[in-house]
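Working notes, beginning with the structure itself.
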Amino acid sequence: MISITGLTKSYGSKAVLKDVDLRILPGEVVAIIGPSGAGKSTLLRCINMLEVPDSGQIHVDGRQVFYKPNVRGKLGLLDQFRLTWLRQEISMVFQQFNLWPHRTVLENLLEGPVISKREKRPSAKPRALDKLRSVGLEEKADAYPADLSGGQQQRVAICRALMMDPKAILFDEPTSALDPELVNEVLDIMTKLARSGMTMVIVTHEMKFAREVADRVIFMEHGGIVAEGPPAEVFQHPRLRVYASHLSH
């Protein structure tokens, strides 16, 4: 579903991603974990082209969306048509929800399919209400984001992502901005989504969730992938065990 080869990204003299290779299979749930500054969120943002890599290749569903050799003067393949297609194929759920504050919950869900995919509101609205019903928020359709708890806002953000009928969803630390008592309600929705067969790439600090729900765990450190594989295997890696011990303090 997603293929990344030789991806690099720097900010000034600081190298954030260093020659990263990664393959995500259709229907696979991949958790990316690691310390702050490891390059996890930057990797997600490069996949969705919210950040443009310095070099490397990215393919989504067999289609090249970015290619830039590490040669001065060569340009990457990144045009508006390709970018629009990419954003329709891969949705993203952010740490800070990123809902439109001046639009109701229902309007937030309708904007993507109506504006980007030219879907008619009469057909999109029942789908939006069905998505809200599936996360227990149908009665909040006419509410504004400011009237919702953080957990409710993140559930709305997940529904908004699903409204695009994406081939994959990227989650960038979706529970890190939530109060502890609200974390589980979002993780429960994500667990159900994972079991439905959705391709998911999740940057998270929730170790229990990564261990129990992910098909594969990626441990990143200093801009590179240190270990990857089944959770039971990766969680035995010495560097990850040191990292996990710091989280418990």
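Side chains are part of it too, since the values below use all heavy atoms of this structure and drop only hydrogens, waters and symmetry mates. Positions are given from 1, in the same order as the sequence printed here.
A donor atom on one side chain and an acceptor atom on the other are not found under 3.5 Å apart for H237 and Y243. Using modelled atom types and a 3.5 Å distance limit, the side chains of S41 and D172 yield a donor-acceptor pair. Inspection of the R23 and T5 side chains reveals an N or O donor paired with an N or O acceptor under 3.5 Å.
The side-chain contact (heavy atoms from CB on, under 4.5 Å) test with L109 singles out one residue from K125, M163, R103, R127, and that residue is M163.
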Inset, instruction - Evaluate the side-chain contact (heavy atoms from CB on, under 4.5 Å) criterion for residues V183 and F209: first the C-alpha distance (whole Å), next the side-chain angles of each, then the deciding distance (0.1 Å), finally the verdict. - result: CA-CA 11 Å; V183 168; F209 175 83; over 6 Å; no
Legend entry - Residue pair T199, E28: steps toward the side-chain hydrogen bond (donor to acceptor under 3.5 Å, both in side chains) verdict: CA-CA 5 Å; T199 305; E28 191 176 26; over 6 Å; no
Inset, instruction - List the steps, then state whether side-chain contact (heavy atoms from CB on, under 4.5 Å) holds for I90 with V201. - result: CA-CA 10 Å; I90 297 184; V201 186; over 6 Å; no
Legend entry - Chi angles and distances behind the side-chain contact (heavy atoms from CB on, under 4.5 Å) call for D188, V186: CA-CA 5 Å; D188 287 346; V186 173; over 6 Å; no
Inset, instruction - Given side-chain contact (heavy atoms from CB on, under 4.5 Å), test M207 with F235 step by step and report yes or no. - result: CA-CA 9 Å; M207 297 297 102; F235 271 91; 3.9 Å; yes
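Residues G229 and V234 share a closest heavy-atom pair of N-CG2, 3.1 Å. The two residues G223 and V20 come nearest to each other via the heavy atoms O-CG2, 3.6 Å. Residues P35 and E221 come closest through the heavy atom pair CG-CG, 4.1 Å. Between A31 and A210 the shortest heavy-atom distance is CB-CB, 3.8 Å. Closest of all the heavy-atom pairs between V29 and A194 is CG2-CB, 3.6 Å. Between S91 and A161, the shortest heavy-atom distance links the atoms OG-O, 2.9 Å.
Put simply, the side chain of K40 gets close to the backbone of G34: a donor and an acceptor are under 3.5 Å apart. For S10 (side chain) and S13 (main-chain N/O), no donor-acceptor pair under 3.5 Å exists by modelled atom type. No side-chain donor-acceptor contact under 3.5 Å links K131 to the backbone of R160. Using modelled atom types, one side-chain atom of K117 and one backbone atom of M164 make a donor-acceptor pair closer than 3.5 Å. Within the 3.5 Å criterion, the main-chain N or O of G6 finds no donor-acceptor partner in the side chain of Q57. A donor-acceptor pair is defined here as one N or O able to donate and one able to accept, closer than 3.5 Å; no such pair exists between the side chain of T104 and the backbone of D142. Using a distance-only test at 3.5 Å, with no hydrogens or angles considered, no donor-acceptor pair links the side chain of N98 to the main chain of F94. Checking side-chain atoms of Q152 against main-chain N and O of S149 turns up a donor-acceptor pair under 3.5 Å.
Note on M198: it does not cluster hydrophobically with I47, by side-chain heavy-atom contacts below 4.5 Å among ILVMFWY residues. If you chain together hydrophobic residues whose side chains sit under 4.5 Å apart, I58 and M1 fall into the same group. Under the 4.5 Å side-chain heavy-atom criterion for grouping Ile, Leu, Val, Met, Phe, Trp and Tyr, F97 is connected to I202 within one hydrophobic cluster. Linking Ile, Leu, Val, Met, Phe, Trp and Tyr residues whenever their side-chain heavy atoms come within less than 4.5 Å leaves V65 and L25 in two separate clusters. In the hydrophobic clustering of this structure, L99 groups with L178; members are Ile, Leu, Val, Met, Phe, Trp, Tyr whose side-chain heavy atoms approach within less than 4.5 Å, directly or through other members.
One distance of note links CD of E111 with CG of N108; it measures 7.0 Å at 0.5 Å rounding. Separation of atoms CD (Q96) and CD (E173) is listed at 10.0 Å; rounding is to 0.5 Å. A distance of 8.5 Å separates OG1 in T204 from CD1 in I33, rounded to the nearest 0.5 Å. Rounding to the nearest 0.5 Å places OG of S134 at 6.5 Å from CD1 of I189. A distance of 9.0 Å separates CG in L148 from CZ in R155, rounded to the nearest 0.5 Å. Atom-to-atom distance recorded for H205:NE2 and S176:OG is 6.5 Å, nearest 0.5 angstrom.
Using a 4.5 Å heavy-atom threshold, the side chains of F171 and V203 count as separate. Taking the side chain as every heavy atom from C-beta outward, C46 and L17 approach each other to under 4.5 Å. For the pair F66/Q64, no side-chain contact is recorded, criterion being any heavy-atom separation below 4.5 Å from C-beta on. Side chains of V135 and C159 form a contact here, defined as non-hydrogen atoms less than 4.5 Å apart. Residues L162 and L193 are in side-chain contact: their nearest non-hydrogen atoms beyond the backbone lie under 4.5 Å apart. For the pair E228/V217, no side-chain contact is recorded, criterion being any heavy-atom separation below 4.5 Å from C-beta on. At a threshold of 4.5 Å between non-hydrogen side-chain atoms, the residues V213 and M190 do not count as touching. In this structure the side chain of V93 reaches within 4.5 angstrom of the side chain of Q154, judged on heavy atoms.
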